[in-house]
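Whatever order the structure lists them in is the order used to number ligands and atoms, beginning at 1. No experiment lies behind these values; they were computed from the predicted model shown. In what follows, residues are counted from 1 in the order of the sequence shown.
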Amino acid sequence: MTSGPSLPVPTWFVGCGNMAGAMVAGWRMAGVDLSNAIAIRPSATPVEGVRTVPTISDAGRPPQLVVLGFKPQKLDEIAPQLRQFLTSKTIVVSILAGVEAASLRHRFPGVGSIVRAMPNLPVAIRRGVVALYSEDAGDALRQQLGDLFVSLGWAMWAADESKFAAIGAVAGAGPAYVARFISALAKAGERRGLSSRIAATIALETVLGTAWMAATTGEAMDDVARRVASPSGTTEAGLAVIDKALDDLIEVTIDAAARRGAELAEDARVP
Ligand SMILES: NC(=O)c1ccc[n+]([C@@H]2O[C@H](COP(=O)([O-])OP(=O)(O)OC[C@H]3O[C@@H](n4cnc5c(N)ncnc54)[C@H](OP(=O)(O)O)[C@@H]3O)[C@@H](O)[C@H]2O)c1
């Protein structure tokens with residue numbers, strides 16, 4: 001029997017809310033050993049499967065791997081407390097949206113490697129998308145972290161930081177946009193007399209079934225749409241409306257998020 005990927009011992013999750021908690025849940029589901037992982041969060045709200053403490057000084061043995069899982073705005077509060085526990089061997093993995101590798105290196109100058117990861121929420125069920133980026137990780141570390149993140153879904157190393165940001169712009173926030181689309185579909189069902197429960201279920205199953213089918217067959221989305229829409233039929237009438245608006249809407253949506261990402265990057269940049 002081959003063993004799966006493993007977390008360096010010990011691993012600290014500094015901040016373990018929605019996103020880092022989703023990563024922990026995914027790794028737990030993948031059978032990754034979490035017995036030497038520690039979640040640090042002021043509320044000390046328990047994280048299933050992981051010893052949870054309220055402060056960095058309660059965490060014990062210094063970490064080999066630190067996952068930064070707090071909000072970007074907390075970086076300058078937390079980095080000075082954390083720095084003293086890190087060495088030239090420590091790997092820092094940051095999931096902070098927008099905060100660039102150079103800004104992280106400035107806060108953690110002596111650490112071994114700095115890696116940016118941009119996961120999305122479905123990592124909790126091992127169906128996430130994760131972008132990875134590092135300026136200093138060697139091949140062995142790339143392999144080790146790649147194996148860990150692939151166990152959470154689909155993961156790739158980005159060639160440069162702008163590609164990393166592009167993957168994050170689509171995938172990191174993507175589940176929120178997809179959730180809105182599903183609920184818009186459900187509301188349309190409700191307005192046509194379906195109960196909210198039935199409308200929510202058919203909207204969800206329609207999106208799930210379509211994505212699953214395309215993922216299984218590899219069929220392009222244009223072909224999927226073409227197969228649903230017969231010439232001059234009902235779907236074609238609907239597509240004539242959505243096609244006018246949807247691409248532009250998604251573009252301005254992702255632009256707005258990217259602008260906010262640029263602001264966060266600017267705030268964290270060294271003057
Ligand atoms: N949510 C997403 O889909 C998503 C996707 C990609 C990247 N991200 C990134 O993930 C990071 C966290 O986002 P989130 O959505 O998970 O936020 P969240 O649920 O609010 O989690 C933030 C975590 O930081 C902890 N924290 C606050 N102050 C702290 C301190 N002084 N020391 C240590 N921990 C502290 C919080 O502790 P308590 O639990 O005790 O409050 C909480 O566990 C952000 O940088 C975000 O950019 C999020």
Side-chain angles (χ1 to χ4, degrees), residues 11-27 37-60 62-63 65-86 92-101 103-104 107-108 114-133 149 152-156 158 161 164-180 253-254 256-269:
T11 289
W12 290 5
F13 292 89
V14 182
C16 200
N18 281 315
M19 194 61 240
M23 289 162 58
V24 166
W27 278 327
I38 295 161
I40 300 159
R41 57 194 308 195
S43 64
T45 309
V47 177
E48 197 181 337
V50 177
R51 184 163 77 85
T52 309
V53 297
T55 68
I56 289 168
S57 48
D58 296 314
L65 170 71
V66 181
V67 177
L68 307 182
F70 45 81
K71 297 278 190 195
Q73 295 86 344
K74 292 267 175 182
L75 180 59
D76 281 322
E77 176 191 327
I78 295 172
Q81 301 166 32
L82 186 56
R83 236 179 343 243
Q84 58 188 305
F85 298 98
L86 313 185
V92 174
V93 172
S94 164
I95 63 168
L96 276 56
V99 180
E100 293 159 331
S103 303
L104 294 162
R107 268 52 172 219
F108 303 106
I114 291 185
V115 176
R116 292 186 67 190
M118 190 48 57
N120 66 8
L121 222 43
V123 293
I125 53 144
R126 305 186 64 204
R127 291 308 313 229
V129 169
V130 187
L132 296 165
Y133 174 74
F149 281 102
L152 296 180
W154 192 91
M156 72 168 276
E161 213 161 18
F164 174 85
I167 301 168
V170 175
Y177 308 145
V178 173
R180 284 284 202 267
T253 300
I254 290 185
R259 274 198 301 281
R260 182 64 190 131
E263 285 168 13
L264 291 171
E266 183 57 38
D267 290 348
R269 229 166 257 152

So do Cys16 and Val50 actually touch side chain to side chain, heavy atoms under 4.5 Å?
no
State, with a plain yes or no, whether a side-chain heavy atom of Leu82 is found less than 4.5 Å away from one of Leu68.
yes
Mind checking what makes side chain to side chain donor-acceptor pair (under 3.5 Å) contact with Glu266, not counting sequence neighbours?
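If we apply the side chain to side chain donor-acceptor pair (under 3.5 Å) test to Glu266, skipping adjacent residues, the hits are Arg269.
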Please produce the table of protein N or O atoms sitting under 3.5 Å from N or O atoms belonging to ligand 1, one pair a line, distance to 0.1 Å.
{"unit_1": "ligand 1", "atom_1": "16 (O)", "unit_2": "Asn18", "atom_2": "N", "d": "3.1"}
{"unit_1": "ligand 1", "atom_1": "16 (O)", "unit_2": "Met19", "atom_2": "N", "d": "2.8"}
{"unit_1": "ligand 1", "atom_1": "17 (O)", "unit_2": "Lys71", "atom_2": "NZ", "d": "3.3"}
{"unit_1": "ligand 1", "atom_1": "19 (O)", "unit_2": "Asn18", "atom_2": "N", "d": "2.9"}
{"unit_1": "ligand 1", "atom_1": "19 (O)", "unit_2": "Asn18", "atom_2": "ND2", "d": "3.2"}
{"unit_1": "ligand 1", "atom_1": "31 (N)", "unit_2": "Glu77", "atom_2": "OE2", "d": "3.4"}
{"unit_1": "ligand 1", "atom_1": "39 (O)", "unit_2": "Arg41", "atom_2": "NE", "d": "2.7"}
{"unit_1": "ligand 1", "atom_1": "39 (O)", "unit_2": "Arg41", "atom_2": "NH2", "d": "2.7"}
{"unit_1": "ligand 1", "atom_1": "40 (O)", "unit_2": "Pro42", "atom_2": "N", "d": "3.4"}
{"unit_1": "ligand 1", "atom_1": "40 (O)", "unit_2": "Ser43", "atom_2": "N", "d": "2.8"}
{"unit_1": "ligand 1", "atom_1": "40 (O)", "unit_2": "Ser43", "atom_2": "OG", "d": "2.5"}
{"unit_1": "ligand 1", "atom_1": "43 (O)", "unit_2": "Cys16", "atom_2": "N", "d": "3.0"}
{"unit_1": "ligand 1", "atom_1": "43 (O)", "unit_2": "Gly17", "atom_2": "N", "d": "3.1"}
{"unit_1": "ligand 1", "atom_1": "45 (O)", "unit_2": "Phe70", "atom_2": "O", "d": "2.6"}
{"unit_1": "ligand 1", "atom_1": "47 (O)", "unit_2": "Ala97", "atom_2": "N", "d": "3.0"}

Which residue pairs pass the salt bridge (Lys or Arg N to Asp or Glu O under 4.0 Å) test when at least one of the two sits in residues 73-86, sequence neighbours left out?
Lys74-Glu77, Asp76-Arg107
Mark yes or no for whether Glu161, through its side chain, and Ala101, through its backbone, hold a donor-acceptor pair below 3.5 Å.
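Yes, because the side chain of Glu161 sits within donor-acceptor range (under 3.5 Å) of the backbone of Ala101.
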Who passes ring pair (Phe, Tyr, Trp, His ring centres under 6.0 Å) against Phe108, sequence neighbours left out?
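Phe108: no ring pair (Phe, Tyr, Trp, His ring centres under 6.0 Å) contacts found.
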